[in-house]
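Counting convention: from 1, in listed order, for ligands and their atoms alike. Computed from a predicted structure; not experimentally measured.
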Amino acid sequence: MNKFPNVSIIKHPLCCHNLSIIRNKDTSAEVLRNAIRRITYLLFYEATKDLELEYTIIETPLEKCKAQKLSSKNEIIIAPILRAGLIFSDIANEIMPYAQVRHIGMYRDEDTLTPVWYYNKIPIEFENPKNKIVLILDPMLATGNSAIDAIKLFTNKKVPQKNIRFVNLISAPEGLNKVGEIFPDVKIITASIDNCLNDFGYIKPGLGDAGDRIFNTVEN
Ligand code: URA
C-alpha cells in the first residue's frame with residue numbers, strides 16, 4: 001500500500017519487468033541502460049499527465065477542427081541531477097523537445113551522505129516562476145538530501161511546489177518521508193518504494209550505485 005500522498009508509483013507490468021532486469025547484479029551496463037530507458041517513458045507518462053492544455057483551431061487535410069495543445073503560458077524545465085539523472089534526460093527531451101534542459105551538478109559525500117554542489121545551470125532569477133513546470137530527474141531517492149537541495153533550488157526562486165515533479169526509479173521510505181515533510185506539494189513519481197536504507201545510505205534491495213552501473217564504472 002502507498003502511504004505517501006505525494007507519491008505516484010508506476011505499477012505497470014512493463015515497469016516491474018524492466019525493474020527486475022535493472023536490479024539484477026549480473027545485468028550489463030548496456031542492458032541496464034536500455035531497461036531504464038523503457039521505464040523512462042512510463043515514468044514520464046505519469047509525470048506529465050496533468051500538464052495544462054489550451055484550445056487551438058487547426059486545419060486537417062479534410063476540415064478545420066478544434067484541437068488541444070500544451071498551454072503556451074507554461075515553460076517546461078527538465079533538470080537532471082548529474083550524473084545518474086542523465087539516463088532520463090534524452091528521453092525526456094525526445095518527448096518534450098521544446099523544454100529547457102538545466103543540469104544540476106551534485107554528488108553525494110559518502111561520509112556525511114549530504115550533497116556537494118559542483119555545477120548549477122539554473123538562472124539566478126526566473127522570469128514568471130509561477131509558469132515554470134520543473135521535472136527534476138534522479139534515478140535513486142535515498143536519504144532525500146539531494147532531492148531536497150535540488151527542489152529548494154527552484155522553490156527559492158519562487159517556483160511553486162505544485163509545479164515541481166521529482167522523477168525517479170527507486171525510492172527509500174526514509175527519503176520519501178523527509179521530502180514529503182518539507183515539500184508536501186511536490187509530486188514524486190517512482191517505479192518502486194523499496195524497504196529501507198543500509199548503513200551507507202544505499203537503498204535495499206535497490207540496484208546498487210546507479211551512476212556506476214549506468215556508466216559502467218563499477219569497481220570489483
Ligand atoms: N544512490 C545510488 O546510486 N544508489 C543507492 O542505493 C542510493 C543512492
- prompt: Looking only at protein heavy atoms, which one is nearest to atom 5 (C) of ligand 1, and how far off is it?
  reply: Tyr202 CD2, 3.3 Å
Distance under 6.0 Å and angle within 45° of ring axis: Arg102 vs Phe126: no
- request: Go through ligand 1 atom by atom and flag the ones less than 4.0 Å from a non-hydrogen atom of Gly208.
  value: 2 (C), 3 (O), 4 (N), 5 (C), 6 (O)
Side-chain touch Asn18/Cys15, heavy atoms, less than 4.5 angstrom: no
- prompt: Does at least one non-hydrogen atom of Arg108 fall below 4.0 angstrom from an atom of ligand 1?
  reply: yes
message: I want to check something: taking the side chain as every heavy atom from C-beta on, are Lys178 and Ile148 in contact at a cut-off of under 4.5 Å?
response: yes
message: Test of understanding: given a 4.0 Å heavy-atom threshold, classify the contact between Ala142 and ligand 1 as side chain, backbone, both, or neither.
response: side chain
query: Asp212 versus Arg83: any side-chain heavy-atom pair under 4.5 Å?
result: yes
query: Has Glu30 got more than 12 heavy atoms of other residues, nucleotides or ligands less than 6.0 Å from its CD?
result: no
- prompt: Hey, which atoms in ligand 1 end up nearer than 4.0 Å to a heavy atom of Gly201?
  reply: 7 (C)
query: Considering only protein heavy atoms, which is closest to atom 1 (N) of ligand 1, and at what distance to one decimal place?
result: Met140 CB, 3.9 Å
field: Within-4.5 Å side-chain heavy-atom neighbours: Phe215 and Leu86
entry: yes
- request: Kindly indicate, with the supporting measurements, whether the criterion salt bridge (Lys or Arg N to Asp or Glu O under 4.0 Å) is fulfilled by Lys162 and Asp50.
  value: CA-CA 11 Å; Lys162 67 174 181 47; Asp50 55 356; over 6 Å; no
field: Any N or O of Gly211 closer than 3.5 Å to N or O of ligand 1
entry: no
- request: Go through ligand 1 atom by atom and flag the ones less than 4.0 Å from a non-hydrogen atom of Ala210.
  value: 2 (C), 3 (O)
Heteroatom distance test (Ile203, ligand 1): nitrogen or oxygen, under 3.5 angstrom: yes
